[in-house]
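Each chain gets a letter, A, B and so on, in the order the sequences are listed, and its residues count up from 1.
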There are 2 protein chains.
Amino acid sequence: MYQQMKTDSSDLMVLRTSSLTGVLERELEHLILTGELKPGERLNEIQISTRFGTSRGPLREATRSLQAKGLVDIIRNRGVFVRSVSAKEALEIYDVRAAVFGLAGRLLADLVTDQILTRLNAFLDQMDEIAAGKDFDQYYPVNLAFHDYLVTSTGNETLVKEYKSFVNKLHLARARGLVQAGGLSVSNREHREMVDALASGNRERAQEAFFRHVERSKIRFRSTLEALDPPVES
Amino acid sequence: MYQQMKTDSSDLMVLRTSSLTGVLERELEHLILTGELKPGERLNEIQISTRFGTSRGPLREATRSLQAKGLVDIIRNRGVFVRSVSAKEALEIYDVRAAVFGLAGRLLADLVTDQILTRLNAFLDQMDEIAAGKDFDQYYPVNLAFHDYLVTSTGNETLVKEYKSFVNKLHLARARGLVQAGGLSVSNREHREMVDALASGNRERAQEAFFRHVERSKIRFRSTLEALDPPVES
DNA sequence: CCGATGTTTATTGCCTACAATTGAATATCG
DNA sequence: CGATATTCAATTGTAGGCAATAAACATCGG
């Protein structure tokens, strides 16, 4: 399948600017985030490297990078494993993500323009429309784009990077797809609250609205989790 | 100096549990954060690997990890360079750090105990004492321990990790030591405000107090920066 | 004297090979 | 038959070597 990658001209072009390690890293990250490689699954070095037509060296460098990003665990003399995020950790991440997203709201309240507000309202209308049709597969990507647009508009690249990193890690939560669950029309009202807060130009109000939106997602996540699992404690 | 590291028994013990890559990574991270390796400086693979008595393989894996952590930049066919954080990025980091630290305040307000408050007040008294003597070298580590104790007490390991990562990156800001500057007695009043907010048990108040503490550090940082540099804009 | 082009040299990117470790299958003993 | 010791295959950890790249230097023409 990937055997002759080395001789593929388009890939060679990529190698001009990006190293083999970088290519492997992106490719593996994609496999992990799409769920093709599932949490807990082991990554056999020989198998993967031959699959991509490289040696083990670059692959090992790529996995070290993924480890630092929190996408895999490396156990000495045992191998590389796709990270599985526990419920406890997922809840932790939700909180930190809420804080970072709240900051996005706070920053945006100060620099929001009519142009941005128009764009945001367009998003809201689009999501309302989709939600009415209960077409979940369409709703999710738009919802994602909406949040993406918000954090990106802050102009704070550090914030964007961190936020996306959290979203990625949540994809590794055991209950895959739970992250998306409970969304739709329920959360679009929260979205409107956020945009309204931005329009008011009130920093604290916007921060709180953004923060609480993620906190509510966390609560929905936990509910879905407890519905499937024995609630550990009273 | 480090030539016979391989034969040092204590280091071999470490290798039982931790890989050579891991040791190199920690060692390099230490060199970078202490400033022994300065921002912009290039890390010669042969030089470093012979210095530590290893081959280039594990070293390259270690640097990939450091790249993902944001401590070095790797340019293809050019080498790895200690990351230098621009003023713009430093200000960005301050904001995100403020958000995360604010979350720490919010979480702590809900689970603070008399025991923790006692410990915190002891920190405050100690810092007051040191600040009175204007002994900066003593103040800084205590200040660090205070903040460390705060974030750790939240029990949210994700938060702790992120917070420390931000503090580390700020060490790479061009104006080294600026991060520490402007502290002392000025900020200890803010520290008391934070602890008071915790004692009140008011979530939002604590969050805001924690958040603003870091924001004020950011402002002090920017002031010191502009005093040295041409203020870029009006 | 200065800029453009060719050459050298240091350094990185990648690969192959060997050593060390682990986990499991197998054998041995109570 | 069950538990423990032992061997063995699979896999990772590390080392060293060759090719490719880019920067530094020298050379040539204007």
Starting at CZ of B/Phe81 and ending at C1' of D/dA22, how long is that distance when rounded to a whole Å?
11 Å

Candidates C/dA17, C/dT12, D/dA15 - which lies nearest the side chain of A/Arg56:
C/dA17

Between atom CD1 in B/Ile48 and atom P in C/dT11, what is the gap in whole Å?
12 Å

What orientation do A/His147 and A/Tyr163 show, parallel under 30°, tilted 30 to 60°, or perpendicular over 60°?
parallel

Rounded distance (Å) that lies between atom P of D/dA9 and atom CD1 of A/Ile46
16 Å

Could you summarise the pairing of DNA chain C as dot-bracket text, marking Watson-Crick and G-U pairs under 3.5 Å with ( ) or [ ] inside the strand and | across strands?
||||||||||||||||||||||||||||||

What protein N or O atoms touch nucleotides 5-7 of chain D N or O atoms at under 3.5 angstrom, if any, and at what distances?
none

Polar atoms only, N or O, under 3.5 Å: list the protein pairs with nucleotides 7-10 of chain C and their distances.
none

Who passes salt bridge (charged side-chain N to carboxylate O under 4.0 Å, His left out) against A/Lys161, sequence neighbours left out?
none

List in chain and number order the residues that pass salt bridge (charged side-chain N to carboxylate O under 4.0 Å, His left out) with A/Lys169, two or more places apart in sequence or in another chain; answer none if no residue qualifies.
none

Residues two or more places apart in sequence or in another chain: which of them pass side chain to side chain contact (heavy atoms under 4.5 Å, CB included) with B/Arg78?
B/Ile75, B/Phe81

Side chain to side chain contact (heavy atoms under 4.5 Å, CB included) filter on B/Leu144, not counting sequence neighbours, yields B/Tyr140

Which whole-number value in Å describes the distance from A/Leu20 CG to D/dA20 P?
14 Å

Side chain to side chain donor-acceptor pair (under 3.5 Å) contacts touching residues 37-48 of chain B (sequence neighbours left out)
B/Glu45-B/Arg56, B/Glu45-B/Arg60

Using the side chain to side chain contact (heavy atoms under 4.5 Å, CB included) criterion, which residues pair with B/Val112? Sequence neighbours excluded.
B/Ile116, B/Leu117

For A/Glu89, side-chain hydrogen bond (donor to acceptor under 3.5 Å, both in side chains) partners two or more places apart
A/Arg83

B/Phe221 and B/Tyr94 aromatic centres sub-6.0 Å
yes

Tell me the interatomic distance from A/Leu59, atom CG, to D/dT11, atom C1', rounded to whole angstroms.
13 Å

Proximal nucleotide (of C/dG23, C/dC14, D/dA23) relative to the A/Thr21 side chain
C/dC14

Does D/dG13 have its OP1 or OP2 closer than 4.0 Å to a side-chain nitrogen or oxygen of A/Arg76?
no

Applying side-chain hydrogen bond (donor to acceptor under 3.5 Å, both in side chains), can you list everything that pairs with B/Asn168, at least two apart in sequence or on another chain?
none

Starting from C1' on C/dC15, measure out to CD on B/Glu61 and report it in whole angstrom.
14 Å

N or O in side chain of B/Ser55 less than 4.0 angstrom from D/dT14 OP1/OP2
no

Which listed nucleotide (C/dT12, C/dC15, C/dT21) is nearest to the side chain of A/Asn77?
C/dT21

Identify, with sequence neighbours excluded, every residue that meets side chain to side chain contact (heavy atoms under 4.5 Å, CB included) alongside B/Arg216.
B/Glu190, B/Glu193, B/Arg212, B/Arg220

